[in-house]
Amino acid sequence: MKRIKILALMICCSVVSNLQAQEYWDKIKAKKSTLEIDKGFTTLSTKSFEIKLLKSSQTVASLSPVSDKTFDFTPGDRLAIRDKDGLYQLGDINLRIKAVDASWKSYSTAAKRAAVTALSVSGNTLAAADLSNTLPADIPVTIKRFYEEKEGNLVVRFEITNKSNAAVEIGALGVPMIFNNILEGKTLDETHLHNVFFDPYIGKDAGYLEVKRLSGHGPALLVLPEMNMPFEAYRPLLDDETPRSIVFEGFHEWMPVSKAYAEQEWKKAEQWNSPTSVLLQVGEVKNFSLKLVLVNQIENIQAGLIQNERPAAVGVPGYVLPLDVNGQLFLKYKKAVKSLKIEPEGALTITQKSKDKNGYFQYEVQGKKWGRARLTVTYEDGLEQTINYKVIKSETNTIADFGHFLTTAQWFDEKNDPFHRNPSVISYDYETKKQVSQDSRVWIAGLSDEGGAGGWLGAVMKQLIDPNREEIAKLEQFVDKTLWGGIQYNTADTLKYGVKKSVFYYEPALMPEGTYSKEVNYKTWAAWDKKGADDPGRSYNYPHVAAAHWTMYRLARYHDGLVTNHTWDWYLKNAYETSIAMTTLAPYYAQFGQMEGTVFLLILKDLKTEGYTEMAANLEAKMKARADHWRTLNYPFGSEMPWDSTGQEEVYMWSDYFGYTDKAKVTLDAILAYMPTMPHWAYNGNARRYWDFLYGGKLSRVERQIHHYGSALNAIPVLEQYKKTPDDFHLLKVGYGGLLGGISNITQDGFGPAAFHSYPETLQIDYLSGDYGSGFFGYAVNTAAFITNEKEYGWLAFGGNLKEKGDEIEVEITTAAKSKVFISPIKTGLTLDAGTFKKVTYNTKTGAVTITLNSKDNYTPNAYLRIDKDVKLPYEKVRGAYKIPLKNKPVQIKL
């Protein structure tokens, strides 16, 4: 497998090209070494860890689990390069301090290295040092650092003493979390064996950092608060010179106090937690410490928290809470809950239900005001836990608003457009409230690639779950006038069904003077000329077009009068031909898993349903050839990027379909490594992605993206696997977090942004619509209600409101589509090709299921019900589904 190389990204100064990256690394190498590696190392051990410290700095040179001493959680393999001033190591500390009525001043043990003074140790203390030598002389405090063993775990403690003759305020304190997420120069095999990703639960005293190997295999590392270390903020260490790029997200630090930053750099943003500071009186000593523990596997992180006497929280359906959903929250801690505080006031209501037999305090949570909401739980021992929610409109209203915004504010119909983009749903800038008809990244204005197709793809996929005749009429015109023959070649030659990289391009010699704005910098690699834009060789563009044709087929086939421009078979055949064209016209990138590649499997299933045997066989053979190639790889989800989090979706789906269970498992394990579940709406189910603001965002930088399209796409395989193994509750929590995360950033008026910015200076949506449509595809094809009975929590509903009535469990469906239900105890899925569920009732004693269908509408006289169990119903079966005539009132059917 080829070595990882950084693409030539010239969009943002925070990102470096391959050549520039090497120059950065060369500059770092050329700097004077100041960590004094030549003085050697000290090896320490606990029951769980083997630790190597540099003798000179006593910073961590390696951190290995005793169970696998060949693995290092830290970037120890780059220590000989990163041994310079200003490059952070595990064990460093940053502060901002001031005297009363003075200005903040920053201090860092990493800024100017000098040998620290070792201190004598005894008992559980493994190593200790006075850090004064590596700090400026004017710092008003002394800092000592201790490495200690506690119950086999590792504790890192900083002892801070006010040595001045006046009280001082610590307005910022940060401990850099330096773990090995530098992927540069490694193969996928190497990264999955040796590298880690880490995710923060920024939850005050209950917060933690989980550090996981890319393979998804254990052990995983948990960093926990030990003493005076609430996880208040998570600051990116942008001053570290390690070159950030698509193969290095950068480092962050854990901050227990952050007031100094909140007053200055972050003053325009609403923080996850209220910023605090610490006042040290003359001679006062205060300790700040973190504890590092291991858990044997990722799904046992919650059990690890409980074992280490940390609060555990489980939210249902998660922490993105639609206004019409009765959410639940389960809290488990050694002490009782003392008080609950909601900010903003009235944003949520919390009602205690019970403390069940498993020690969980159970609450009902309801959203009352749209937007972010913070719940602060204070326990009897004073420990504070914050849980960040995002309250959204009902899924039905959210999706309706989204469709309306796309087909009005984003509806582009300039009759004289020289690039023939009319009519279409074009990219949109929410900050200026204007359509984006020009951008130096030409695809954004060119209706293709993820960053340009996002608008119209989202508009089409919206119709799959909430069809609207007026919106569909516009999209029919888009398909006939702009997609077919514009974005997609329709002439009878070798390029037919090929998909262009962009219909907008930069070639002033071919266009009238004044076509291109002088305010846009077109002197970049991303400003493709016409030849580059017309190229059909990028496979990632094909699923968008295939999904549009397939959705129009479904609307035409299962509804009356919604689609009138073409017959259903025209759309299905176009979907098929687009799928085949990807493998013939874009064969290089087609070797990789595609974003939205699930659509090819959906098309295949419908070809079989319709009896198109020859086309189905051909498509299946093409896809099997790809899956067979993936079967030969240890980690079969490469992409056009060195490391990616979007190929896994399709790789899992085809590996599972063809029975390649080993590759399906490898793929799922990798997804679970970068898709956490934790009590915070932004990170719960948030699939890792940190470079696509460059390609589809307005604020263009390398930065962990909150619910970029990877969240909803990766929820597809996670929830698919849950249906196979419904006893694995971890999968449901992760998958549903990604599913609802996929719509969490839609604004009150329906704008779908590329993602949400995680940097504490911003903490808001990006203002470009960008590539959001890909994520909405994931939501549209995957949205479902799940009914489960968990031994620790009882009966639960994800995607519905549940009531227990004796032996019956009744669930009112709250998803926007209301078309899919999965009943976990009997492993039964119910799917409607047309029509909607009102409610589903399950009898726990007899196993009987009763469904109630909503009444008919002008375009849906019949429901088409599929049951993945052998059930006989007194209705005609059409294409494998029961055709059920709907009425002017709800229809109840007992299965």
Side-chain angles (χ1 to χ4, degrees), residues 1-7 68 70-73 75 77 179-199 210-220 245-249 297-299 539-540 588-598 623-676 687-692 710-711 713-718 720-721 731 734 738:
M1 186 177 294
K2 64 180 183 180
R3 290 258 164 190
I4 287 177
K5 293 184 179 180
I6 303 172
L7 296 182
D68 182 4
T70 65
F71 182 78
D72 182 6
F73 282 106
D77 57 346
F179 300 109
N180 194 9
N181 61 337
I182 306 173
L183 312 183
E184 191 269 333
K186 295 182 180 179
T187 66
L188 279 181
D189 281 21
E190 290 168 341
T191 60
H192 283 78
L193 288 174
H194 302 304
N195 288 99
V196 298
F197 284 137
F198 30 104
D199 293 291
E210 53 184 56
V211 185
K212 301 154 293 188
R213 300 170 74 158
L214 266 63
S215 64
H217 299 162
S245 66
I246 57 175
V247 284
F248 177 55
E249 176 185 350
Q297 48 191 342
I298 291 172
E299 53 265 41
S539 62
Y540 298 98
Y588 176 74
Y589 289 125
Q591 71 177 294
F592 304 123
Q594 308 290 298
M595 292 82 86
E596 310 139 50
T598 298
M623 297 302 148
K624 189 173 186 298
R626 299 170 68 221
D628 287 344
H629 167 64
W630 299 332
R631 200 180 187 188
T632 67
L633 306 174
N634 290 328
Y635 299 96
F637 27 80
S639 82
E640 62 181 333
M641 295 297 186
W643 175 87
D644 212 337
S645 58
T646 45
Q648 288 86 339
E649 166 226 333
E650 190 193 10
V651 169
Y652 172 91
M653 296 302 284
W654 284 118
S655 297
D656 177 66
Y657 177 81
F658 289 117
Y660 302 160
T661 54
D662 56 335
K663 294 308 172 190
K665 185 180 186 307
V666 165
T667 306
L668 184 70
D669 287 348
I671 292 171
L672 295 176
Y674 62 69
M675 197 170 180
R688 182 170 300 274
R689 179 57 71 95
Y690 52 87
W691 63 77
D692 262 340
S711 293
L713 287 184
N714 282 286
I716 296 174
V718 173
E720 185 68 21
Q721 182 62 36
L731 294 175
V734 171

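What you see is a predicted model; the values in this text were computed from it and never measured.
Taking Ser711 as the reference, Asn686, His707 meet the side-chain hydrogen bond (donor to acceptor under 3.5 Å, both in side chains) condition, with sequence neighbours excluded. Residues satisfying the salt bridge (charged side-chain N to carboxylate O under 4.0 Å, His left out) criterion with Arg689, sequence neighbours excluded, are Asp644, Asp692. In this view, Lys663 satisfies the salt bridge (charged side-chain N to carboxylate O under 4.0 Å, His left out) rule with no residue, not counting sequence neighbours. Not counting sequence neighbours, the partners of Arg626 by the side-chain hydrogen bond (donor to acceptor under 3.5 Å, both in side chains) test are Glu650. Qualifying salt bridge (charged side-chain N to carboxylate O under 4.0 Å, His left out) partners for Asp72, counting only residues two or more places apart in sequence or in other chains: none. Partners of Glu649 according to the side-chain hydrogen bond (donor to acceptor under 3.5 Å, both in side chains) rule, which considers only residues two or more places apart in sequence or in another chain, are Thr598.
Atom CZ of Arg631 and atom CG of Asp662 lie 6.0 Å apart (nearest 0.5 Å). A distance of 5.5 Å separates CG in Leu668 from CD in Gln721, rounded to the nearest 0.5 Å. With rounding to the nearest 0.5 Å, the separation of CG in Leu633 from CG in Asp189 is 8.0 Å. The distance from the CG atom of Asn634 to the CG atom of Leu188 is 10.0 Å, given to the nearest 0.5 Å. Atom OG1 of Thr191 and atom CD1 of Ile182 lie 13.0 Å apart (nearest 0.5 Å). Note that CE of Met675 and NZ of Lys212 are 11.0 Å apart. Values are rounded to the nearest 0.5 Å.
Taking the six-membered ring for Trp and the full ring otherwise, Phe658 and Trp630 have centroids separated by 6.0 Å or more.
Formation of a donor-acceptor pair under 3.5 Å by the Asp656 side chain with backbone atoms of Tyr652 is not found in this model. Looking only at distances, no side-chain donor or acceptor of Arg213 sits under 3.5 Å from a matching main-chain atom of Pro219. Formation of a donor-acceptor pair under 3.5 Å by the Asn714 side chain with backbone atoms of Gln648 is not found in this model. Formation of a donor-acceptor pair under 3.5 Å by the Asn195 side chain with backbone atoms of Asn180 is found in this model.
Closest approach of Ala627 to Trp654, counting heavy atoms only: CB-CB, 4.4 Å. Closest of all the heavy-atom pairs between Lys624 and Tyr660 is NZ-OH, 3.2 Å. Nearest approach of Gly216 to Ile298, heavy atoms of both residues: O-CD1, 3.5 Å. Smallest separation of non-hydrogen atoms from Ser539 and Ala590: OG-N, 3.4 Å. Of all heavy-atom pairs spanning Ser655 and Ala664, the tightest one is CB-N, 3.8 Å.
Using cut-offs of 30° and 60° for the angle between ring planes, the Phe179 and Phe198 rings count as perpendicular.
At a threshold of 4.5 Å between non-hydrogen side-chain atoms, the residues Glu184 and Ser245 do not count as touching. Within the 4.5 Å cutoff, side-chain heavy atoms of Thr667 are placed close to those of Pro636. Between Thr187 and Tyr635, every side-chain heavy-atom pair lies at or beyond the 4.5 Å cut-off. Between Tyr674 and Leu214, the closest side-chain pair of non-hydrogen atoms is not below 4.5 Å. The shortest side-chain heavy-atom distance between Met641 and Thr646 does not fall under the 4.5 Å cut-off.
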Exercise. May I have the step-by-step check of side chain to side chain contact (heavy atoms under 4.5 Å, CB included) for Leu731 and Leu672, ending in yes or no?
Key: CA-CA 9 Å; Leu731 294 175; Leu672 295 176; 3.9 Å; yes
Quiz item: side chain to side chain contact (heavy atoms under 4.5 Å, CB included) between Val247 and Lys186: does it pass, once the steps are laid out?
Solution: CA-CA 9 Å; Val247 284; Lys186 295 182 180 179; over 6 Å; no
